Amino acid sequence: MATGSLATSSTVIYQFGRSTSLTTKPNAIAICFAGLSREIKLQGKGSQVLRKKNGLNICMVMQQRRNESENEVNKSDTAVEISRVEERLGRKKLERTTYLLAAVLSSLGISSMAIMAVYFRFSWQMEGGEFPLLEMFGTFALSVGAAIGMEYWARWAHRALWHASLWHMHESHHRPRDGAFELNDIFAIINAAPAIGLLSYGFFNKGLVPGLCFGAGLGITVFGMAYMFVHDGLVHRRFPVGPIATVPYLRRVAAAHQLHHADKFHGVPYGLFLGPQELEEVGGLEELKKEIKRRTKMSQNIL
């Protein structure tokens with residue numbers, strides 16, 4: 001009986017040894033318990049039962065150590081993931097701060113220079129006691145006309161150039177941005193060049209034509225600043241825009257431009273400030289309302 005019980009015992013231990021290497025961990029524990037119950041039934045002796053109980057304890061300790069090592073690996077993976085998320089958030093915050101400083105400094109610099117240029121230009125014109133009414137009217141009228149005209153120019157250039165031959169540059173604007181700036185920002189510099197040229201010519205010369213050039217450069221500058229705050233700040237959240245985000249029409253503009261990036265209407269709208277009107281022409285008002293609700297809900301969740 002004792003010999004048979006020993007043979008049986010060795011057989012059970014051999015099965016358990018194979019099970020720990022070939023089966024999953026829960027099955028290995030179940031086999032340990034099965035081996036113990038069989039030994040108790042066959043042996044019935046205190047010393048041998050105690051020996052098998054010790055064997056079961058060893059099995060459970062091995063399993064517990066395995067679980068502890070897995071928990072440690074999972075904790076280390078979680079810590080690495082948390083550090084990566086914190087790193088991304090920190091980098092994103094730095095990018096927003098960098099672009100905000102660039103936007104504020106450039107806006108203040110351009111605004112102050114434009115105001116000073118307007119003041120000194122008209123003060124020089126009135127030095128002789130004359131009031132150049134026609135020239136002043138032409139300057140301000142063309143400044144408004146240039147600002148409105150820039151919206152149509154941007155719409156045409158966006159569709160015919162940026163999404164065509166210049167797509168290799170504009171594509172950076174339709175991909176996740178890595179850094180504070182993107183290749184597409186070059187277009188802002190390109191549009192600033194004629195504005196600087198027109199302002200310079202109009203500032204250093206007198207007469208109706210220089211006055212019109214000065215007004216055109218002023219209108220392009222105003223449009224560029226408005227475009228930066230609405231497009232880069234409000235739509236793409238590259239920096240906070242404060243109360244601008246609460247203006248109802250600008251919220252419609254932001255939602256319309258977001259549909260351009262979603263490409264639900266073959267890229268329409270290509271313009272910015274008249275984007276809602278473009279969507280209305282292609283039957284996109286329902287999608288515009290949905291996008292406005294989505295952005296409003298997202299903004300509330302952020303707050």
Side-chain angles (χ1 to χ4, degrees), residues 103 106-107 110-111 114 118 137-174 182-202 208-236 241 244 247-285 287-288 291-292:
S106 61
S107 299
I110 293 172
S111 300
V118 171
F137 176 78
T139 298
F140 286 109
L142 200 57
S143 63
V144 176
I148 297 174
M150 281 297 296
E151 168 67 17
Y152 292 95
W153 155 255
R155 179 194 299 186
W156 177 85
H158 195 174
R159 181 180 62 252
L161 298 178
W162 301 348
H163 277 258
S165 59
L166 297 178
W167 174 249
H168 63 284
M169 298 171 61
H170 185 62
E171 185 182 10
S172 63
H173 183 56
H174 287 260
E182 57 192 32
L183 186 59
N184 185 73
D185 294 333
I186 294 178
F187 290 120
I189 301 174
I190 294 174
N191 290 328
I196 294 173
L198 290 169
L199 285 171
S200 299
Y201 176 75
L208 180 59
V209 174
L212 295 176
C213 292
F214 186 82
L218 192 63
I220 296 173
T221 302
V222 171
F223 176 84
M225 292 173 57
Y227 193 96
M228 178 182 63
F229 278 97
V230 175
H231 177 265
D232 295 346
L234 179 59
V235 179
H236 296 292
V241 293
I244 294 178
V247 179
Y249 183 75
L250 293 183
R251 295 169 73 173
R252 286 173 56 85
V253 168
H257 188 74
Q258 200 65 50
L259 290 178
H260 163 74
H261 283 267
D263 201 18
K264 292 186 176 182
F265 300 96
H266 304 287
V268 176
Y270 287 99
L272 181 65
F273 294 102
L274 298 180
Q277 285 76 4
E278 288 187 68
L279 282 175
E280 185 177 2
E281 294 174 359
V282 297
L285 288 183
E287 288 292 333
L288 178 60
E291 182 62 25
I292 292 173

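Numbering starts at 1 and runs along the sequence shown. Predicted, not measured: the structure shown is a model, and the values here were computed from it. Values reported hereafter were calculated over all heavy atoms of this structure, with side chains retained and with hydrogens, waters and symmetry mates removed.
Side chains of Phe214 and Val118 form a contact here, defined as non-hydrogen atoms less than 4.5 Å apart. Side-chain contact between Val222 and Ser143 is absent, with no heavy-atom pair separated by less than 4.5 Å. Between Tyr270 and His163, the closest side-chain pair of non-hydrogen atoms falls below 4.5 Å.
Remark: Asp185 CG to Met169 CE distance equals 10.0 Å, nearest 0.5 Å. A distance of 8.0 Å separates CZ in Arg251 from CD1 in Ile292, rounded to the nearest 0.5 Å. Rounding to the nearest 0.5 Å gives a distance of 10.5 Å between CG of Leu166 and CD1 of Ile186. Atom CG of residue Leu285 and atom CD of residue Gln277 lie 9.5 Å apart, to the nearest 0.5 angstrom. In this structure, Leu161 CG and Trp153 CH2 are separated by 6.0 Å, a value rounded to the nearest 0.5 Å.
Scanning both residues, Leu199 and Leu218, for their nearest heavy atoms gives CD2-N, 3.6 Å. Smallest separation of non-hydrogen atoms from Phe229 and Val241: O-CG1, 3.5 Å. Gly219 and Ala146 make their closest contact through CA-CB, 4.0 Å (heavy atoms, listed as atom of the first residue, atom of the second, distance). Nearest heavy-atom pair across Leu183 and His168 is CD2-O, 3.8 Å. The nearest pair of heavy atoms linking Cys213 to Leu198 is O-CB, 3.3 Å. Scanning all heavy atoms of the two residues, the minimum distance from Thr139 to Gly211 falls at OG1-O, 3.0 Å.
Ring geometry for His174 versus Trp167: interplanar angle of 30 to 60°, hence tilted. By the 30° and 60° cut-offs, the orientation of the rings of Phe223 relative to Tyr227 is tilted. Between His158 and His257, the ring-plane angle classifies as tilted under the 30° and 60° cut-offs.
Screening His236, His170, His173 for a side chain to side chain donor-acceptor pair (under 3.5 Å) involving Glu182 leaves a single residue, His173.
For Glu291 (side chain) and Leu259 (main-chain N/O), no donor-acceptor pair under 3.5 Å exists by modelled atom type. Of the possible donor and acceptor atoms, one in the side chain of Glu151 sits under 3.5 Å from a partner among the backbone N and O of Leu274. Panel note: side chain His260, backbone Gly267; a donor-acceptor pair is recorded below 3.5 Å.
Crowding of Glu280 atom CD: a count of heavy atoms from other residues, nucleotides or ligands under 6.0 Å not exceeding 12.
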